[in-house]
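All remarks here apply to the structure that follows.
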Amino acid sequence: MKKKIIALVLGASATLTLASCGGKAKPNFICPEEFDTTKEITISFWHTMSKTSLQPTLDEVITEFKELYPNITVKHEQIGGYDEVREQIITNMGTHDYPNVAYCYPDHVAIYNEAEITVSLDDVMSNSKYGLGGSELKFTGTKKNEYVKAFLDEGKSFGDGLTYTMPFLKSTEALFYNKDFFTKNNLTVPTTWEEVWDVCGKIKQIDPTSTPLGYDSDSNLFITLAETYGYKYTSKDSFDFNNAGMRGLMKTFKENFDKGYFTTQGVYGTYTNELMTDVSKTSRAYMCIGSTAGANYQANADGAFETGVAAVPHAAGKKAKVISQGPSLVLFKNEDPQAVLATWLFVQYLNTATVQAKFALASGYLPVTSPATEIPEYKTFLDKAAGNKAGIAALATKQAIAQTDNYFTSEVFLGSAYARDEVGSLVSKIMLDLDINSSNIDKKIATYFKDAIEACEYQAG
């Protein structure tokens, strides 16, 4: 894979060497003195929005943008899922046949940066005319201090201090739980992992056939544990997760897994929320950690119980940390600086308060700016927060908004995506290993960690 990327890098960076705007960022974007509103410009946007859910909202927003900038035509295209967007861009690197802007995750952008096809945004962000809140915008642009800081900071998690992405649709994780069951049995919602195991033990006493907790992402489980406990995961160009702290945590999790206390998506084979929401299940769950964007799947459709929402458990004595998720937007180089500026204007429009509120209401994702939460329609949505099917999305959103100071993202580099895949696989492999016992658990876990590191290094080249 890395050889393929390197070959495409050599072909991709050969022709686009444009001067920077202001001299601070990499030399890849000429910032025009004026935007030429008389020049017809067509820009392309690759995303993963389905025709039945978010594309109608996108079409509406593009129409509104066209009324403001009649000379800009935005053509959008769904390219499968997030990984398909990445793979299509990688495939097209050598011919420069990539869009003007695309959905992205940080690991994807690390590849694009290596190919030198991205636009660093710091100079244009601070441009007085066309930057964040600029004077020449034909709409009320969002100022830098109005973005959720963690979401904006994600755009500069690439090791060189420069910003390469803008947030668009974001989510995090939360602990969903059967509130009626907890109330009936006088259980306290756990805030630390130590408390989780205590509550799981009590639930098993009440319902011996239960699997008290489900976690809907093995990778997120591992990465968030490393962050909240302060153990290493990855650093610049390095896979650091094979350390005593993480091996010890996996030992603890394996011991509690063998007690029947929890399961994960990788172990269960699908999202674990159904163990909580489907009351007909023999081995029911009473807690589930999952994405706030998928909150609608965390409530029983028939109202059999009320769902509560709380923060993801953290390490005792440590600050709570929750992972930042959801797509951002990356801009690509173009020989025409007016086209890049037109793309930048469109990206800013997507982050205006009214547009952010529209997408948040349609998708269940969080607005990435504070003004969006003050839009009347969005405030009405939040006011309907409840533990039922109709109100669970708003309840989860309120929890997510309340913990914005706790968001984190890991530093990314070419190959960091392999670490995410391998640690997720590592979790499920350890949990599913029936041959692990008290006499060999340390040795077995050490072998799994060693294999995961070797797999990362092999894939990274």
Side-chain angles (χ1 to χ4, degrees), residues 12-47 58-77 89 92 95-104 112 115-144 146-147 152 155 162-168 328-356 369:
S13 59
T15 62
L16 297 176
T17 54
L18 308 179
S20 69
C21 167
K24 297 177 183 178
K26 286 185 176 180
N28 60 10
F29 175 37
I30 298 172
C31 185
E33 289 293 326
E34 297 292 339
F35 179 61
D36 186 355
T37 57
T38 66
K39 179 178 180 178
E40 292 295 325
I41 299 172
T42 298
I43 61 176
S44 56
F45 175 27
W46 289 2
H47 56 78
L58 179 60
D59 289 333
E60 177 185 333
V61 168
I62 288 175
T63 299
E64 295 169 353
F65 182 70
K66 182 74 169 176
E67 291 173 357
L68 295 171
Y69 291 96
N71 66 311
I72 304 176
T73 299
V74 180
K75 293 185 176 181
H76 68 89
E77 183 178 358
I89 291 172
N92 293 5
T95 60
H96 310 301
D97 186 20
Y98 36 75
N100 297 89
V101 60
Y103 264 16
C104 66
Y112 310 152
E116 298 183 3
I117 62 173
T118 54
V119 173
S120 54
L121 302 172
D122 301 86
D123 290 333
V124 73
M125 285 170 65
S126 60
N127 185 283
S128 61
K129 291 182 178 181
Y130 303 112
L132 300 181
S135 61
E136 296 299 314
L137 300 179
K138 294 187 177 182
F139 50 84
T140 302
T142 302
K143 298 179 176 63
K144 187 174 183 178
E146 294 175 327
Y147 281 84
L152 198 60
L162 297 178
T163 304
Y164 292 96
T165 68
M166 291 296 291
F168 179 43
S328 293
L329 300 171
V330 58
L331 281 71
F332 295 96
K333 290 180 180 179
N334 191 288
E335 292 285 6
D336 182 3
Q338 291 286 338
V340 180
L341 184 53
T343 307
W344 169 245
L345 294 174
F346 176 62
V347 166
Q348 285 191 88
Y349 188 69
L350 290 177
N351 282 345
T352 57
T354 53
V355 172
Q356 275 290 298
T369 68

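Model, not experiment: these values are computed from the prediction.
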For the [atom1] atom of [X] and the [atom2] atom of [Y], what is their distance to the nearest 0.5 Å?
X: N100; Y: L331; atom1: CG; atom2: CG; answer: 8.0 Å
X: F139; Y: E67; atom1: CZ; atom2: CD; answer: 14.0 Å
X: L68; Y: T37; atom1: CG; atom2: OG1; answer: 12.5 Å
X: D336; Y: I43; atom1: CG; atom2: CD1; answer: 11.5 Å
X: H47; Y: L329; atom1: NE2; atom2: CG; answer: 11.0 Å
X: C104; Y: Y112; atom1: SG; atom2: OH; answer: 7.0 Å

Taking C-beta and beyond as the side chain, do [X] and [Y] meet within less than 4.5 Å on heavy atoms?
X: K333; Y: H96; answer: no
X: F45; Y: I62; answer: no
X: V124; Y: V119; answer: no
X: S328; Y: F168; answer: no
X: F35; Y: I72; answer: yes
X: I41; Y: Y69; answer: no
X: P167; Y: T369; answer: no

Any sub-3.5 Å donor-acceptor pair from [X]'s side-chain atoms to [Y]'s backbone N or O?
X: Q338; Y: D36; result: yes
X: Q348; Y: T140; result: no
X: W344; Y: Y130; result: yes
X: S126; Y: D122; result: yes
X: T142; Y: N351; result: yes
X: Q356; Y: L350; result: yes

Sorted by first residue and then second, give each salt bridge (Lys or Arg N to Asp or Glu O under 4.0 Å) pair with at least one member in residues 126-139; sequence neighbours left out.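 Only E34-K129 qualify under salt bridge (Lys or Arg N to Asp or Glu O under 4.0 Å).
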Would you find more than 12 non-hydrogen atoms of other residues, nucleotides or ligands less than 6.0 Å from K75 atom NZ?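 Atom NZ in K75 is not crowded, with 12 or fewer foreign heavy atoms closer than 6.0 Å.
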Tell me, please, which residues at least two apart from E40 pass side chain to side chain contact (heavy atoms under 4.5 Å, CB included).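 By the side chain to side chain contact (heavy atoms under 4.5 Å, CB included) rule, E40 matches N71.
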Grab the two heavy atoms, one from I89 and one from P99, that are nearest each other, plus how far apart they are.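 Result for this residue pair: CG1-CD, 4.1 Å.
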Looking at G155 and T165, what are the two nearest heavy atoms and their distance?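 Scanning both residues completely, I find the closest heavy atoms to be CA-OG1, 3.0 Å.
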Quick one: sort the F65 and Y349 rings into parallel, tilted or perpendicular, breaks at 30° and 60°.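 F65 vs Y349 ring planes: tilted.
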Fit a plane to each ring of Y98 and F332, take the angle between them on a 0 to 90° scale, and name the class: parallel (under 30°), tilted (30 to 60°) or perpendicular (over 60°).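 Answer is tilted, since the angle falls between 30° and 60°.
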